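Values in this document were obtained by computation on a predicted structure and should not be read as measured data. In what follows, chains are A, B, ... by sequence order, proteins preceding strands, each numbered from 1.
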Amino acid sequence: MSTFSARKLLLAVAAPVLALVVAFIVTSGILLVLGDPVVEVWQTLLSWPKPRQLVQIVNGATVYYISAVAVAVGFRMNLFNIGVDGQYRIAVFAGAAFAGQAWFPGPLNVLLTIVVAMVAGGLWASIAAYLKVRRGISEVISTIMLNAIATGVVQWLLLKIAVKQPGSNTISTKPIPESSQLSGLSLIPGATNKVYTLILLAVLVGVLYWFVINKTRFGFDLRATGRSESAAVASGVKVPRMVVTTMIASGALAGLVGMPLLFGQDHSYGTTFQAGLGFAGIGIALLGRNHPLGIAAAALLWSFLDVQSNALQIRAGVASEVVFIIQGVILFAVVIAYELIRRADVRLEQQRVARELAATRSDAPTPEGATA
Amino acid sequence: MGRHGPCGAVASSRAVSVPSTAGRSDRCRVGLVTSGPGALTTAARSPNSGPGRGVVAITASAPERPATPAGADHAVELEGITKRFPGVVANKDIGFTVRKGTVHAIVGENGAGKSTLMKILYGVQRPDEGTIRIDGREVHLHSPADAIDEGIGMVFQHFQLADNFTVLENVVLGAEKLHGIGEGARAEIRRISDDYGLDIDPDALVEDLGVGARQRIEILKVLYRGAKIIILDEPTAVLVPQEVDELFDNLRELKSEGLTVLFISHKLDEVLSVADTITVIRRGTTVKTVEPSSVNARQLAELMVGAELPTPGTEESTVTDRVVLRTEGIVLGAAGASRNVLDGISLTIHAGEVLGIAGVEGNGQAELVEVIMGMREPTSGLVFLGDTDISEWRTREIREAGVAYIPEDRQRHALLLEAPLWENRILGHQTEEPNVRGLIINAAGAKADTERIVKEYDVRTPSINVKAGSLSGGNQQKLIVGREMSHRPKVLVAAHPTRGVDVGAQASIWDIIRQARREGLAVLLISADLEELIGLSDTIQVILRGRLTGTFDPDTVTAEDLGAAMTGAAGGAEETR
């Protein structure tokens with residue numbers, strides 16, 4: 001058993017490491033061809049971050065983590081929720097509008113805002129769920145469309161209720177009262193800035209995700225549907241209901257994505273609110289193999305590259321966008337590597353089973369071996 | 001066909017070193033030939049060697065053929081074919097020779113390695129070791145296109161025809177360059193049909209044709225592409241006895257025209273009646289090659305099995321008068337079709353009774369099972385479990401109420417191939433002890449019970465943590481049967497429970513069904529294996545075009561009677577209702 005799990009661990013780590021190496025080589029090649037200073041770029045990117053940057057990395061990863069878990073919930077049952085991006089923007093807008101009203105005191109306002117955001121995200125995702133179950137429309141298509149619609153809807157509503165920021169052109173929702181703002185945790189020594197308080201929310205999301213998927217009946221049904229829909233149907237899983245539940249759960253989790261930013265940094269939703277978190281989540285979920293700890297590692301790596309790239313322009317004279325190339329290549333490589341390793345794993349295990357059975361057979365020869 | 005030049009040339013220089021195969025009779029084992037596969041990987045590849053050049057290829061490359069002494073009248077020679085193929089039986093040191101213009105049968109149990117061998121011969125898979133010679137010339141087949149170029153054609157068990165196309169369109173599909181798609185092709189199809197007595201009208205629509213005619217279209221397809229060697233994979237599996245006779249007439253016709261037929265089967269009577277030579281394969285290797293005149297079915301069976309042959313066969317009746325499962329007038333309409341898929345199915349199964357459903361595949365059996373299991377909503381009709389109306393219940397409730405289910409396609413419907421055995425033990429019983437405690441999965445309980453199933457039902461596996469996909473078909477099926485029997489079922493719905501499993505697993509699955517029947521289980525048995533149906537059932541009903549058309553007593557009925565009823569040929573079958 002111990003060698004068995006050691007082999008599993010090795011296989012699990014091999015693919016991401018391989019992908020990182022490939023990304024390193026490919027990016028270096030591109031930089032060389034373009035005549036950019038390869039060594040300086042890597043020196044900048046791979047230098048140990050300062051405490052202040054460490055905090056930025058952790059904060060970035062917190063948001064990415066929630067987004068990736070939201071995507072991963074769908075992935076586990078072969079449901080491709082590309083719409084996390086739209087769902088989180090709808091949700092954070094609804095949450096910010098609600099929190100800004102300050103109908104409830106401090107922490108209660110935070111709690112209820114989170115609920116509002118989850119409901120908003122879930123409702124938005126339920127449109128795609130309905131279209132898939134009742135109208136047979138692929139969730140990939142409908143969620144992509146809904147992302148575009150979400151952009152428009154949020155923009156339109158924002159214009160309706162926005163307040164003008166004094167001394168600037170940006171508009172935003174009414175800022176949340178100070179009593180509901182979360183100042184953050186001083187987790188990293190020597191840093192002047194603070195880690196989002198709602199990192200606790202990300203941890204909670206991760207633990208719940210792990211528990212529900214791996215330990216509950218619902219999670220079993222979900223995974224069974226993902227592995228083989230036909231077998232799940234025959235086993236009594238009501239697949240349409242699973243699609244609706246999972247899609248809404250994914251949307252509700254997407255609703256949480258913007259919360260750390262809202263309460264820990266922006267304090268309102270406006271035109272400058274961070275965009276594209278949902279798409280990053282897709283990549284991070286892939287890189288982290290939908291595993292709660294794998295996603296955490298992937299989110300940290302993504303955020304690390306983001307933060308480190310800020311210095312590229314100054315220290316190496318290279319546009320920080322080079323990091324997008326690295327991230328993209330990592331994703332390509334990792335998807336290919338995972339598939340290769342998965343096949344190798346299946347083949348190795350089949351061979352091992354055949355070998356061990358052959359060994360037991362030759363120990364005690366049976367009259368008719370059930371080889372087939 | 002200049003691109004065949006290098007292949008022929010290299011092959012000939014290699015083939016010289018091959019020892020003569022003349023004079024081999026029974027044991028066709030020859031020491032390994034030194035040339036491994038893959039030597040010609042790049043040389044013989046051609047990007048567009050599509051189908052349809054078979055005839056030309058053979059004649060053009062014929063002059064390059066080396067003068068191997070034995071090759072002259074040998075259409076196919078296999079030597080030392082070894083294929084290491086994880087999880088299932090590998091081919092090990094397979095060797096035999098097929099004479100030109102004969103019907104050569106390959107027999108063996110399900111899972112003995114026949115299909116792998118045929119895939120190797122058709123270029124779908126490549127052997128790890130060994131040589132293939134066609135007409136005495138060594139070949140390396142990288143793809144079916146290569147095989148077609150060598151004049152090898154294959155008729156698969158599952159037909160590959162487009163229903164809404166005509167015969168002509170189906171035949172020319174992918175071979176448009178041969179005779180065009182118009183009059184030329186039509187004339188060629190007529191010619192082939194007449195020459196070999198296939199009786200095919202090129203302009204008939206495939207969906208209007210029966211199974212036998214469809215099979216003849218498949219044969220015509222490979223002939224059209226210039227095949228001289230035709231592989232038929234279990235061709236009789238889908239046919240009723242009368243159609244089998246017609247097929248055999250066609251095969252004799254092909255033979256008399258100088259074509260070579262490789263006939264794969266595990267039905268011994270058929271093999272004995274049609275084959276000129278029989279090669280027996282057991283556990284991946286050739287056991288013996290015999291003449292049909294020198295053996296009887298019993299001896300052949302024992303060669304195949306390597307042990308005493310088990311027979312299904314119930315003992316004294318255990319049927320009680322307590323009705324356990326009953327359906328009432330189940331109708332299932334089909335979208336866009338005039339005929340109902342199920343048309344008024346009423347059946348009754350008592351405790352301790354096995355009700356067998358005989359029928360040619362596709363006559364509504366699969367749909368009937370899905371309706372009973374709650375996976376499909378019937379247009380009308382009722383299903384009762386005991387006195388309870390379960391028509392509106394969903395699959396999970398039905399399974400919880402004690403209906404065990406062995407689906408027809410275990411890999412698609414009964415297993416999660418990439419999940420460990422113990423998770424597969426939970427599948428289908430996600431709400432029952434010992435798999436769950438409330439809403440939480442009880443992994444420890446499920447694992448312990450999987451260990452018990454593995455032991456009691458003799459599932460051969462190194463561990464319960466391996467993936468289900470790593471097990472052989474027979475062991476997968478034993479796991480499924482063990483799982484379904486572990487929840488005290490009242491009813492067992494078993495669709496083809498021994499399909500594709502080895503003979504050992506087959507015998508133990510039969511034993512389990514018999515044992516459960518003695519204990520009062522009601523069994524709905526759907527099978528294409530008439531012997532299994534006759535041997536296990538207390539009553540047999542025939543399903544034809546969605547209707548139950550006759551009831552038979554397995555003690556008196558013969559396979560021929562059933563065959564006639566299954567095709568609707570028999571007028572005398574009594575009505576059930």
[X] [atom1] to [Y] [atom2] distance, which is reported to the nearest 0.5 Å:
| X | Y | atom1 | atom2 | value |
| --- | --- | --- | --- | --- |
| Asp221(A) | Ile441(B) | CG | CD1 | 7.5 Å |
| His413(B) | Ser235(A) | NE2 | OG | 11.0 Å |
| Arg227(A) | Glu423(B) | CZ | CD | 5.5 Å |
| Glu349(A) | Ser463(B) | CD | OG | 8.0 Å |
| Leu439(B) | Arg217(A) | CG | CZ | 5.5 Å |

Quiz item: chain A heavy atoms under 4.5 Å from Leu415(B): which part of the residue, side chain, backbone, both or neither?
Solution: backbone

Quiz prompt | Residue Ile426(B) versus chain A: region with a heavy atom under 4.5 Å | solution = both

Exercise. Work out which heavy atom in Leu427(B) is nearest to a heavy atom in Phe220(A); give both atom names and the distance.
Key: N-CZ, 3.9 Å

Self-check item: Heavy-atom pair count under 4.5 Å with chain A, highest-scoring of Gly428(B), Gly438(B), Ala443(B)
Solution: Gly428(B)

Practice problem: Pick whichever of Met375(B), His429(B), Arg437(B), Gln430(B) has the most heavy-atom pairs under 4.5 Å with chain A. | Solution: Gln430(B)

Exercise. Assess whether atom CD of Glu229(A) is packed by more than 12 heavy atoms of other residues, nucleotides or ligands within 6.0 Å.
Key: no

Practice problem: Using a cut-off of 6.0 Å, state whether more than 12 heavy atoms not belonging to Arg241(A) lie near its atom CZ. | Solution: no

Self-check item: Under 3.5 Å donor-acceptor, Arg412(B) side chain and Ser228(A) backbone
Solution: no

Quiz item: Given that the side chain runs from C-beta out, which part of Val212(A) has a heavy atom under 4.5 Å from chain B: side chain, backbone, both or neither?
Solution: neither

